[in-house]
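Here's the structure we're looking at; comments come further down.
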Amino acid sequence: MKTWAYLIGGLLGLVGVIFIIAAGQGNAIPRIVIGLVLLGAGIFVARIARMKVPDQRIIQEIDLSGDVRPEEMKCNACGGPLDKDSVSVRAGGIFVDCPYCGTSYQIEEEPKW
Ligand SMILES: [Zn+2]
C-alpha cells in the first residue's frame with residue numbers, strides 16, 4: 001500500500017516534469033498547466049504515503065513497551081515462557097523468536113497475552 005502510493009506519486013510527478021519540459025517545445029501554456037497539476041498530485045500522494053508511516057511505527061512501539069507483561073507471554077509452539085528479548089519488530093510486523101524450540105513466527109493483529 002505504502003509502496004504503491006510512492007510509486008503512483010513518483011510517476012505522477014515524473015509525468016508532470018515531462019510535461020513542463022515539453023512546454024519548451026511549443027504549446028507551452030496548456031502543457032505547463034497539466035504538468036503543474038500532475039506534479040502537485042504526485043507530491044500530494046507522496047505526502048499522504050509519508051504521513052501514514054510514522055503512525056504505524058508509533059503504534060508498534062506502544063504495543064511492545066506499554067502493555068506487554070513478559071510473564072504472560074508464551075511460545076505458540078512449545079509453550080515456553082518468552083521474555084522481551086524474544087520479541088522484535090521488523091518488516092512492519094511483530095515477530096517472536098522462541099529461545100527454547102527455535103520457532104520463529106509473526107504475531108498478526110492484536111497480541112493475545
Ligand atoms: Zn518455543
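Read the numbers this way: they start at 1 and go in the same order the structure lists the ligands and their atoms. Reckoned from all heavy atoms, side chains included, excluding hydrogens, waters and symmetry mates.
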**Asked** Taking everything shown except F44 itself, do over 12 heavy atoms lie less than 6.0 Å from its CZ?
**Response**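 No - once you tally the heavy atoms of other residues, nucleotides and ligands closer than 6.0 Å, there are 12 at most.
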
**Message:** I need the protein N, O or S atoms closer than 2.8 Å to the Zn ion (ligand 1), given as residue plus atom name.
**Reply:** C75 SG, C78 SG, C98 SG, C101 SG

Smallest separation among heavy atoms of [X] and [Y], with atom names:
{"X": "L82", "Y": "P99", "value": "CD2-CD, 3.6 Å"}
{"X": "Y100", "Y": "C78", "value": "CB-SG, 4.1 Å"}
{"X": "I32", "Y": "I20", "value": "O-CG1, 4.4 Å"}

**Request:** Could you grab the distance from atom CG of L38 to atom CG of L11, nearest 0.5 Å is fine?
**Result:** 10.5 Å

**Request:** Would you check if there is a donor-acceptor pair between the side chains of D97 and S86 at a distance under 3.5 Å?
**Result:**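 No - no donor-acceptor pair under 3.5 Å links their side chains.
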
